[in-house]
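Okay, structure first, notes after.
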Amino acid sequence: MTIKKVLAFFLFLAAAFGTYSQTTKVLTTEIQGIVPTVFTLSTDMTDIETVDLVNANTAYLGKVIVYTNTKGIWTISINSKNAGKLSGKTPGNNDLYPYTMGFGTVDRIDLSSDFEMTYSTLVAKATVEYPVSISYTRLEDLDQPVVADTYSDIVTITVTIS
C-alpha cells in the first residue's frame with residue numbers, strides 16, 4: 001500500500017465518522033431530603049396509676065419513652081405536687097403517705113424537692129426508655145398509721161434537650 005492510498009483511507013474514515021458524530025447534552029439534578037428535629041415524649045402510664053398500699057411496698061408505674069434525633073444536653077426534671085407524699089383526698093384528712101421514686105437507673109429519688117439529672121451526648125439518640133416505679137412502706141408497717149381514704153400525688157416529668 002502506498003502512502004497515498006493510506007492517506008486516502010484515513011481521510012475516508014475521518015469523513016465517514018465525521019458524518020456520524022454524536023452530540024451529547026448532560027442534565028444533572030441534586031436530590032435532597034430534609035430531616036427536621038424530632039423530639040417526642042411518650043409513656044405507657046395512664047393518667048391515674050393505682051398502687052397497692054396494703055400488700056406491696058413497690059409499684060412499677062410504666063415507662064417514659066424519649067425519641068429524638070438531636071445531640072446535646074438532656075435535662076430530665078421530676079416534680080411532685082405534694083413533695084413526694086401521697087395526700088388524702090377527703091377534706092379535713094391531712095394524712096400523708098411518703099414514697100420515693102425510681103426513674104431509669106436512679107432509685108430512691110426523694111421528691112421533697114425537685115429532682116434533676118443531666119446527660120450530655122455527642123451523638124443523636126433515637127429511642128431511650130426510662131422505667132418508672134415507686135417504693136413505699138406497706139400500710140401496716142407505717143410508723144404513723146393513716147386513715148382510710150384515697151391518697152394521691154401528681155408527678156410531672158419534663159425532658160429538655162438543648
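Since this is a predicted model, take the numbers as computed values, not measurements.
- Residues Tyr67 and Leu41 are members of separate hydrophobic clusters, defined by side-chain heavy-atom contacts under 4.5 angstrom among Ile, Leu, Val, Met, Phe, Trp and Tyr.
- Of all non-hydrogen atoms in Thr70 and Ile161, the two that sit nearest each other are CG2-CG2, 3.9 Å.
- The same ILVMFWY cluster, assembled from side-chain heavy atoms under 4.5 Å apart, contains both Val147 and Leu142.
- Of all non-hydrogen atoms in Met101 and Val155, the two that sit nearest each other are CE-CG1, 3.9 Å.
- Closest approach of Lys85 to Ser80, counting heavy atoms only: N-OG, 4.3 Å.
- Here CG of Leu61 is found 9.0 Å from OG1 of Thr46. Values are rounded to the nearest 0.5 Å.
- Of all the heavy atoms in Ile65 and Glu129, the pair that sits closest is CG1-CG, 3.9 Å.
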Check your understanding: Could you walk me through whether Leu53 and Leu86 pass the side-chain contact (heavy atoms from CB on, under 4.5 Å) check?
Key -> CA-CA 11 Å; Leu53 298 173; Leu86 303 174; 4.1 Å; yes
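- Phe39 and Val159 get closest at one heavy-atom pair: CZ-O, 3.4 Å.
- Distance alone, capped at 3.5 Å, is enough to place a donor-acceptor pair between the Asn82 side chain and the Ser152 backbone.
- The aromatic rings of Phe103 and Tyr130 sit parallel to each other, their planes meeting at less than 30°, with 60° as the upper class boundary.
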Point to revise | side-chain contact (heavy atoms from CB on, under 4.5 Å) assessment of Val106 paired with Phe115 | key: CA-CA 11 Å; Val106 183; Phe115 172 80; 4.0 Å; yes
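- Cluster annotation: Ile154 and Ile48 are assigned to distinct hydrophobic clusters (Ile/Leu/Val/Met/Phe/Trp/Tyr, side-chain heavy-atom contacts under 4.5 Å, transitive).
- Residues Thr127 and Val66 fail the side-chain proximity criterion, which asks for heavy atoms closer than 4.5 Å.
- Residues Tyr119 and Ile78 share a hydrophobic cluster, clusters being chains of Ile/Leu/Val/Met/Phe/Trp/Tyr side chains in contact below 4.5 Å.
- Remark: the backbone N or O of Leu96 is not paired with any side-chain donor or acceptor of Ser87 at under 3.5 angstrom.
- In this structure a side-chain-to-backbone donor-acceptor pair under 3.5 Å is present from Tyr97 to Leu139.
- Between the side chain of Asn69 and the backbone N or O of Val38, at least one donor-acceptor pair lies under 3.5 Å.
- Smallest separation of non-hydrogen atoms from Lys63 and Thr43: O-OG1, 2.7 Å.
- The CG atom of Leu111 sits 8.0 Å away from the CG atom of Asn79 when rounded to the nearest 0.5 Å.
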Review point. Stepwise, does the side-chain contact (heavy atoms from CB on, under 4.5 Å) test hold for Val51 with Tyr99?
Key: CA-CA 11 Å; Val51 299; Tyr99 69 91; over 6 Å; no
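- Side-chain N or O atoms of Asp149 include none that pairs as donor or acceptor with a backbone N or O of Tyr151 at under 3.5 Å.
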